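Lettering follows sequence order; numbering is per chain, from 1. A quick note: this is a predicted structure, and the numbers were derived from the prediction, not measured. Hydrogens, waters and symmetry mates play no part in the numbers below; they use all other heavy atoms, side chains included.
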Amino acid sequence: MTGLWRMIGQRLLLGMLTLFIISVVIFGATELLPGDLARELLGQSATEETLAALREQLGLNDPAPVRYWNWLTGVLQGDFGLSMATQKPISELVGARLGNTLFLALYAAALSIPLSLLLGVLAALWRNSVFDRASNALALTAISFPEFFVAYILILWLAQTGLFPSMVRITGATTTGDLLYSAFLPALTLTLVVTAHMMRMTRAAIINLLASPYIEMARLKGMSPMRVVLRHAVPNALAPIINVVALNLAYLITGVVVVEVVFVYPGLGQLMIDAVTNRDIPVVQAIALIFAAAYVLLNLLADVLSTVTNPRLMHRT
Amino acid sequence: MDRDILLSIKGLRIDGRSGDAWHPIVKGVDLTLHRGEVLGLIGESGAGKSTLGLAAMGFARDGCRISGGTIDFDGIDLRTAPEATRRSLRGKRIAYVAQSAAASFNPAHRLIGQYCEGPVVHGVMSREKAEGDAVDLYRRMRLPNPEDIGFRYPHQVSGGQLQRAMTAMAMSCRPDLIIFDEPTTALDVTTQIEVLAAIRDIVRQFGTAAIYITHDLAVVAQMADRIKVLLRGDEVEEADTRSMLAAPREEYTRSLWAVRSFARPEQPPGRGTPVVSVRNVTAGYGAVDVLRNVSFDIHARRTVAVVGESGSGKSTTARVITGLLPPRKGQVLMGGKTLPPGFKGRSRDELRQCQMIYQMADTALNPRLRLRELIGRPAEMYLGLTGKALEARIRDLLALIELEPDTYIDRLPSELSGGQKQRIGIARALAAEPQLIICDEVTSALDQIVQEGILKLLDRLQGELNLACMFITHDLATVKSIADEVVVMQQGVVVEHGPKAALFADPKQDYTRLLLSSVPEMDPDWLNRLLAARGEDA
């Protein structure tokens, strides 16, 4: 057990280092963005004097390392600064949106992970059968269309008929039940997008093991095919499955911009797009850093779970 | 019909698929087994022993199909019975013990969970009762700590213990028949004895019938009441063990018996500077010393066999000599000159002088390279040969290992047999024109008849090229036939070292005596006598 805690500690430190490097990259990349925030804020009619005064006030004239240092120290204290466009604290702005994004990601994950594991296990069990081919073909079809296309098809089928709403409106009075109902279409779209990857990985990881001597042993002990797969193959296939699930979860948090736009869902992706168009650099930086942290944390979680589920790593003697 | 007959196989044919074509693996074999009887199935690899053994459970591996004949198990035709019936028999009335217990236990579950699975799923007994039963059987199989060992994961238990735990697992439903598929082949000789004795006892205690598959005649002689010899899917002959051993009828059977007759003439003792000299080497990985104060010399033309169980440090010694593992203390001298400890510090010429041949030719040869490149590269790299000279050298080397150059020079390793692959491993080592070759279990994965070819080849080459040879093996029969000197290792220490004849005739150390007495002999009473003798000692 101490070994596990040590590993988690090491990975957390490494994760911080990764995030630090990413923060440098994010800051450097936003430096490269064209345009002038002061002119963006004041409009075309502003005079040179007012522009210069605003730049001074926003600290835009400081050298880049100084601005980076000020930004980083703020972030470390949980203060992402003020949004330049709205002059509101970024943490407030991002906080609500992050909640929405996490809700949608978890919703889609709750639909897609059980579905893809089930399909993957069944496809491995009945490999090369009609079921295997059909589920593979369907999953690949779903992943091959662009997300917005899938979204519009779903709107056409399920929203035009009045079954589900095509827009998500979140107010203070929205209950969880309402939210589950109104966010169903975006969640379903995301499910269709990520299922293929996880399902095919599950199938491949299990089939890869079916040639092992211990699988043959289980069959020679008279175990049913279902039991062979579930009890003998799946526990040994967990590591690759966990990793691909973690990658897809990260995608669900960070890669849903298009779906959010189609369904007018107030998530982080939309906020980021708005911030980029408004040249609201601090907001862009904050969101990029949150996305990076999501990747780092989910990968850490995947590594820990892979270790915990592997007796060879947990019970060394 | 004889009421005592448990299993009756008639005219069994099994095909294997290669590409789109089916080719026969078992070609019409008959087999009869009585209750409580042990039948030995013996033959080289490719004889169809395992396939036949599995067919006795109504099971064919993926890519195989049972294409003809009948398999009658206690009145049930396993060929025509529905899969559900066959499944209900497997594990319950017919059980299987696999060659590698380490690979055949599921790494994700504890031993006792895997033991209980059969009895519980087949409805023979409850989980609680099965757990108690497991402890009892573990005890009967003479496993250490029978109460606790079941709660370990497979990777926490040694190979010999796993093999016994697997036999206990096969016994869990008290089957009528157990198929043992080379259960001791992967074990050290000293461990093999314990497993053989435990298997034989438990089979007798419960009156279980067994099919015992092996390629080792001496082992089958201890275990079987009757022996059936197979060759390429056909039966050669069958007889009860004693008459088969005393008077084999067929030429092929006699050739199996005669394999171990090859003996390399002993070379004159080395004089002058040894080719390689290992001096007081201590080496290890991490915090552990795997070798402690190891010393020995090898002279030109001499073969020094390094023997010991797995984990005794044989291969680690080879890694120190080749520079793959720099020693912590001591040195390696080549021709009287101290070599730099790690291979990175050694000159190309120093590296050239010492070449390795590996156990698994399959994995030691790059499957994407043709023989021309496999053998040509070292010649090009160490000796700077190019163009016509290189081509001529490759052809010479192929001729040297008795492979026709025109036929083989452009083949891939996958187009060769196991013995031929090992010959390529030898040619690759010789391409560098070394003074010392290190053979790491080079014959262990080969059939005995193929082994003999390789040993003869090595002997001839050693004489022609004046080579010194370090021969790592756990097989004492091979040591007897080729070694001049023997180094016996145990837990990283050289326990005994001397000329072969003296060491075999009069071993000075207890461990050497234990090792020598553990090599099975072709006498069916050997195991009984040995156990009796050891019992008296204890």
Side-chain angles (χ1 to χ4, degrees), chain A residues 1-4 6 117 121 123-129 132 202-243 305-317, chain B residues 50 53-54 56-63 83-111 113-124 151-158 162 166 169-170 172-173 175 178-179 181:
Chain A
M1 276 323 265
T2 50
L4 183 68
R6 189 177 307 140
L117 293 188
V121 166
L125 186 64
W126 300 319
R127 57 197 171 286
N128 302 328
S129 68
D132 181 21
T202 306
R203 177 184 181 275
I206 292 174
I207 288 183
N208 200 14
L209 292 176
L210 290 183
S212 324
Y214 58 81
I215 296 294
E216 183 175 277
M217 191 69 217
R219 292 167 72 191
L220 291 173
K221 279 161 76 182
M223 299 302 126
S224 66
M226 185 60 106
R227 192 179 164 89
V228 168
V229 166
L230 288 184
R231 185 165 164 81
H232 291 274
V234 168
N236 292 291
L238 282 177
I241 296 176
I242 289 170
N243 274 294
L305 283 178
S306 305
T307 308
V308 170
T309 54
N310 186 341
R312 272 168 292 192
L313 298 177
M314 286 300 285
H315 302 266
R316 289 182 223 225
T317 37
Chain B
S50 294
L54 290 171
M57 307 181 77
F59 184 88
R61 286 197 166 123
D62 291 337
E83 179 63 21
T85 311
R86 279 183 280 190
R87 209 186 296 144
S88 69
L89 291 175
R90 286 180 200 144
K92 188 178 175 190
R93 298 195 58 198
I94 318 175
Y96 182 75
V97 175
Q99 171 167 1
S100 166
S104 295
F105 269 115
N106 192 323
H109 302 296
R110 296 173 197 274
L111 294 182
Q114 303 192 47
Y115 177 99
C116 295
E117 187 177 23
V120 172
V121 171
H122 287 301
V124 176
F151 294 92
R152 296 179 156 244
Y153 285 96
H155 70 275
Q156 299 171 304
V157 179
S158 76
L162 276 181
M166 175 160 282
M169 182 164 84
S172 61
C173 296
I178 301 187
I179 317 288
D181 193 351

(request) Please assess B:Tyr153 against A:Met314 for the test side chain to side chain contact (heavy atoms under 4.5 Å, CB included), listing each intermediate value before the final yes or no. (result) CA-CA 10 Å; B:Tyr153 285 96; A:Met314 286 300 285; over 6 Å; no

(request) Check step by step if side chain to side chain contact (heavy atoms under 4.5 Å, CB included) holds for B:Asp62 and A:Leu210. (result) CA-CA 10 Å; B:Asp62 291 337; A:Leu210 290 183; over 6 Å; no

(message) Is B:Gln114 in contact with chain A via its backbone, its side chain, both, or neither, using a 4.5 Å heavy-atom distance?
(response) both

(message) Test: side chain to side chain donor-acceptor pair (under 3.5 Å). Region: residues 95-105 of chain B. Which pairs qualify, not counting sequence neighbours?
(response) B:Tyr96-B:Asp181

(request) For A:Ile242, check side-chain contact (heavy atoms from CB on, under 4.5 Å) against everything at least two apart and list the hits. (result) A:Leu238, A:Ala302, A:Leu305, A:Ser306, A:Thr309

(message) Suppose we screen for side-chain contact (heavy atoms from CB on, under 4.5 Å). Which residues come up paired with A:Asn236, at least two apart in sequence or across chains?
(response) A:Leu209, A:Tyr214, A:Arg312, B:Asn106, B:Pro107, B:Ala108

(message) Distance check, rounded to the nearest 0.5 Å: B:Arg90 atom CZ versus A:Lys221 atom NZ?
(response) 14.0 Å

(request) Return the option, out of B:Ala98, B:Ala103, B:Gly58, with the maximum number of heavy-atom pairs under 4.5 Å with chain A. (result) B:Ala103

(request) With a 4.5 angstrom heavy-atom cut-off, could you sort out which part of B:Arg86 is near chain A: side chain, backbone, both or neither? (result) neither

(request) Can you check whether anything in residues 225-232 of chain A gets within less than 4.5 Å of chain B, heavy-atom wise, and list it by number? (result) A:Pro225, A:Arg227, A:Arg231, A:His232

(request) Taking all non-hydrogen atoms of both residues into account, name the closest pair between A:Pro235 and B:His109 and its distance. (result) CG-NE2, 4.0 Å

(request) Mind checking the CZ-CG spacing from B:Arg87 to A:Leu220? Nearest 0.5 Å is all I need. (result) 12.5 Å

(request) Select one option (side chain, backbone, both, neither) describing which atoms of B:Ile179 are under 4.5 Å from chain A's heavy atoms. (result) neither

